[in-house]
Trainee: 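I'd like to ask some things about the structure below.
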2 protein chains.
Amino acid sequence: MNAEAPPPPRSADETAGLAAARSPRAARPKVAVDTVVFAVEGGRLKTYLVQLRHGAARGRWAFAGGLVRIGEMLDEAARRELFASTGIRQAYLEQLFTFGDPSRDPRAHVVSVAYMALIADARTAAAPGGKYQDGRWFEVSALPALAYDHLQMAEYALGRLKAKLEYTNIACNLLPETFTFAELEALYAMILKRPIDRRNFRRRILSMGILRRLPATRRGAHRPAALYSFARRAPQVVEML
Amino acid sequence: MNAEAPPPPRSADETAGLAAARSPRAARPKVAVDTVVFAVEGGRLKTYLVQLRHGAARGRWAFAGGLVRIGEMLDEAARRELFASTGIRQAYLEQLFTFGDPSRDPRAHVVSVAYMALIADARTAAAPGGKYQDGRWFEVSALPALAYDHLQMAEYALGRLKAKLEYTNIACNLLPETFTFAELEALYAMILKRPIDRRNFRRRILSMGILRRLPATRRGAHRPAALYSFARRAPQVVEML
DNA sequence: CCAAAAGTGTTGGCTCTACACCCATGA
DNA sequence: TCATGGGTGTAGAGCCAACACTTTTGG
């Protein structure tokens with residue numbers, strides 16, 4: 001997040017921050033969190049952006065975020081802002097990197113701890129309330145111009161997601177409770193942006209033992225597909241040797 | 001770092017922070033950096049700790065750190081505090097993780113961005129000036145009780161270092177300009193805490209093409225060893241496929 | 001019976017590991 | 001000449017990538 005000067009500042013301290021930006025010796029940098037949310041919708045990887053209502057970057061899009069409050073854990077702050085801005089309550093959350101360039105927000109020195117969030121169902125996100133003009137999902141491959149250094153955050157988050165697909169069960173956070181192998185494969189192929197050999201992929205994933213085969217099948221237009229779920233939803237590093 | 005209440009507070013704001021800890025609504029969390037420095041000395045992996053002079057954790061050991069100033073980049077702050085506390089000027093620096101538990105420092109809510117620093121020569125660190133009582137190198141495998149959550153930082157840093165030894169040229173930051181293969185091998189074996197097959201190791205490293213063989217040799221008590229240096233000192237991810 | 005997606009095995013190449021002996025030098 | 005650390009090669013196992021056909025269902 002960044003100092004977006006919420007129209008009614010929550011406390012005297014918040015306006016003090018702006019004054020401080022003008023007389024730098026008088027204040028400390030502020031701490032914010034920003035969260036890059038990913039979800040898959042319509043076979044595309046998407047991320048939720050909010051449109052800023054105030055400030056120099058007004059009208060620009062950004063990731064949901066906000067200042068960390070005294071006494072608050074960083075991930076609590078990320079969850080609070082995520083819920084306030086998108087309505088998302090449950091999400092896998094992971095700290096990415098902390099961006100601290102004092103010029104990243106032209107109005108104040110705001111150090112932002114970037115998080116990545118993953119959700120299984122993009123429809124749990126609703127348009128935000130008062131803080132932002134608008135909010136909606138964008139395809140990751142077609143983002144609008146982003147405010148602040150949020151493009152860097154987007155790239156960092158995508159890189160982390162790709163990397164962790166290869167050696168963890170992180171994909172479980174982007175899929176519904178049950179899914180078919182074809183869906184899992186499509187997820188990998190889409191995010192990694194490369195074709196995947198179905199037979200090798202199936203063998204590799206099954207050998208990790210992170211999936212549970214369900215007795216049910218999904219019936220569609222053609223041959224029914226076996227349903228699977230992840231054996232553990234807890235984060236897990238997988239040996240691929 | 002943490003709010004160590006430097007005896008003469010640098011500004012009115014700094015004392016305000018302590019007051020704020022008592023009336024949480026009035027202030028924002030502060031931002032600090034803490035740096036875990038690693039160096040190899042006497043065939044051991046060591047890290048530099050400073051002994052706190054003030055505060056509840058007085059007398060405890062901690063990593064060098066301090067508050068980030070307005071207008072300052074995070075890594076600049078880390079370098080500044082590192083130099084002030086250890087005299088180290090040049091170091092490889094890498095951001096690790098941001099620790100934000102509001103209770104990590106009992107006196108104030110301080111969000112700390114942890115860094116890892118690597119240096120080639122432990123002797124470039126000198127005992128610190130006024131901020132700390134003492135400062136010296138400790139073997140990583142025999143750390144004293146650490147203040148705050150600095151044990152977590154130590155573990156995180158060591159984990160990162162081990163991981164990156166395997167797929168980057170990060171080791172170059174812990175070695176002098178030139179070195180023998182035996183020295184490189186000893187470094188890996190020591191940090192990874194496992195024996196390394198000399199022949200396989202040599203083949204693997206050479207196949208990465210990150211080393212340059214120098215014409216010179218090092219003469220010692222026995223057969224002279226060929227000298228090497230890293231072809232690139234810039235961070236580099238190595239394909240080990 | 002046709003279209004479409006699901007499901008299944010094998011092979012060759014390559015990488016990794018395990019392992020033991022000779023070499024060059026100083027003392 | 002001996003002690004010490006430096007330097008080298010090979011063979012077997014296991015992993016990975018490449019590759020195409022059969023099965024099951026709905027229409």
Side-chain angles (χ1 to χ4, degrees), chain A residues 40 42-43 162-163 165-168 171 175-176 178-230 237-241, chain B residues 40 42-44 162-163 165-168 171 175-176 178-190 192-230 237-241:
Chain A
V40 176
K162 283 182 181 177
L165 272 188
E166 308 261 19
Y167 66 93
T168 72
L175 285 170
T178 69
F179 51 89
T180 67
F181 233 105
E183 288 163 350
L184 181 63
E185 184 193 322
L187 179 76
Y188 272 76
M190 179 208 3
I191 297 179
L192 298 179
K193 278 195 179 140
R194 63 172 138 94
I196 287 184
D197 181 275
R198 200 181 341 152
R199 289 158 293 185
N200 294 336
F201 180 74
R202 179 182 292 253
R203 190 177 25 247
R204 211 158 53 101
I205 298 284
L206 287 178
S207 76
M208 294 176 203
I210 59 177
L211 293 189
R212 213 174 20 153
R213 183 168 196 155
L214 304 179
T217 57
R218 169 165 306 164
R219 309 190 68 82
H222 300 289
R223 176 174 177 174
L227 283 175
Y228 290 82
S229 69
F230 279 89
V237 173
V238 178
E239 276 309 316
M240 293 210 171
L241 286 185
Chain B
V40 176
R44 306 283 183 167
K162 283 182 181 177
L165 272 188
E166 308 262 19
Y167 66 94
T168 73
L175 285 171
T178 69
F179 50 89
T180 68
F181 234 106
E183 289 164 349
L184 182 64
E185 185 193 323
L187 179 77
Y188 271 77
M190 179 209 1
L192 298 178
K193 278 195 179 142
R194 63 172 138 94
I196 287 184
D197 182 276
R198 202 184 338 155
R199 289 159 293 187
N200 294 336
F201 179 73
R202 179 181 292 253
R203 192 175 26 244
R204 211 159 53 102
I205 298 284
L206 287 179
S207 76
M208 294 176 201
I210 60 177
L211 293 189
R212 214 172 23 150
R213 183 167 196 158
L214 303 180
T217 57
R218 169 165 305 166
R219 310 190 68 82
H222 299 289
R223 175 175 177 174
L227 283 175
Y228 290 84
S229 70
F230 278 90
V237 172
V238 179
E239 277 308 317
M240 293 211 171
L241 286 184

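Sequence lines set the chain letters: A, B, ... in the order given, protein chains first and strands last, and positions in each chain run from 1.
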Trainee: Spell out, as yes or no, whether a donor-acceptor pair under 3.5 Å connects the side chain of A/E183 to the backbone of A/T180.
Mentor: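 At least one qualifying donor-acceptor pair exists.
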Trainee: Closest nucleotide of DNA chain D for B/E183 versus for A/D197: which of these residues is on the 5' side?
Mentor: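 Nearer the 5' end of the strand: B/E183.
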Trainee: For the pair made of CZ in A/F201 and C1' in C/dG7, what is the distance, rounded to whole Å?
Mentor: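 For the pair A/F201 CZ and C/dG7 C1', the rounded distance is 15 Å.
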Trainee: Among C/dC19, C/dG7, D/dG7, which nucleotide sits nearest the side chain of A/A226?
Mentor: C/dG7
Trainee: Could you work out which one of D/dA17, C/dA3, D/dA3 sits closest to the side chain of A/R203?
Mentor: D/dA17
Trainee: How long is the span from the NZ atom in A/K162 to the CD atom in A/E166, to the nearest 0.5 Å?
Mentor: 10.0 Å
Trainee: Taking the side chain as every heavy atom from C-beta outward, state whether B/F181 and B/L211 have any atom pair closer than 4.5 Å.
Mentor: yes
Trainee: At under 4.0 Å, does any side-chain N or O of A/R219 touch on OP1 or OP2 of D/dT25?
Mentor: no
Trainee: Which nucleotide, C/dA3, D/dG7, D/dT4, lies nearest any side-chain atom of B/H222?
Mentor: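 Looking only at side-chain atoms, B/H222 lies closest to D/dT4.
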Trainee: Any N/O pairs under 3.5 Å between the protein and nucleotides 21-23 of chain C? List them or say none.
Mentor:
residue : atom : partner : partner atom : Å
C/dC23  : O2   : B/R223  : NH1          : 2.9

Trainee: Starting at CD of A/E185 and ending at P of C/dT8, how long is that distance when rounded to a whole Å?
Mentor: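 Distance check: A/E185 CD to C/dT8 P gives 13 Å.
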Trainee: With a 4.0 Å cutoff (strictly under), does any side-chain N or O of B/R199 reach OP1 or OP2 of D/dG9?
Mentor: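 For D/dG9, neither OP1 nor OP2 has a side-chain N or O of B/R199 closer than 4.0 Å.
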Trainee: Provide, to the nearest angstrom, the distance between the CZ atom belonging to A/R204 and the P atom belonging to C/dG9.
Mentor: 19 Å
Trainee: Is A/N200 close to A/R203 at the side-chain level, that is, under 4.5 Å between some pair of heavy atoms?
Mentor: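 Yes. Closest side-chain heavy atoms under 4.5 Å.
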Trainee: Between D/dT24, D/dG7, C/dT8, which one does the side chain of A/R202 approach most closely?
Mentor: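 Side chain of A/R202 sits closest to C/dT8.
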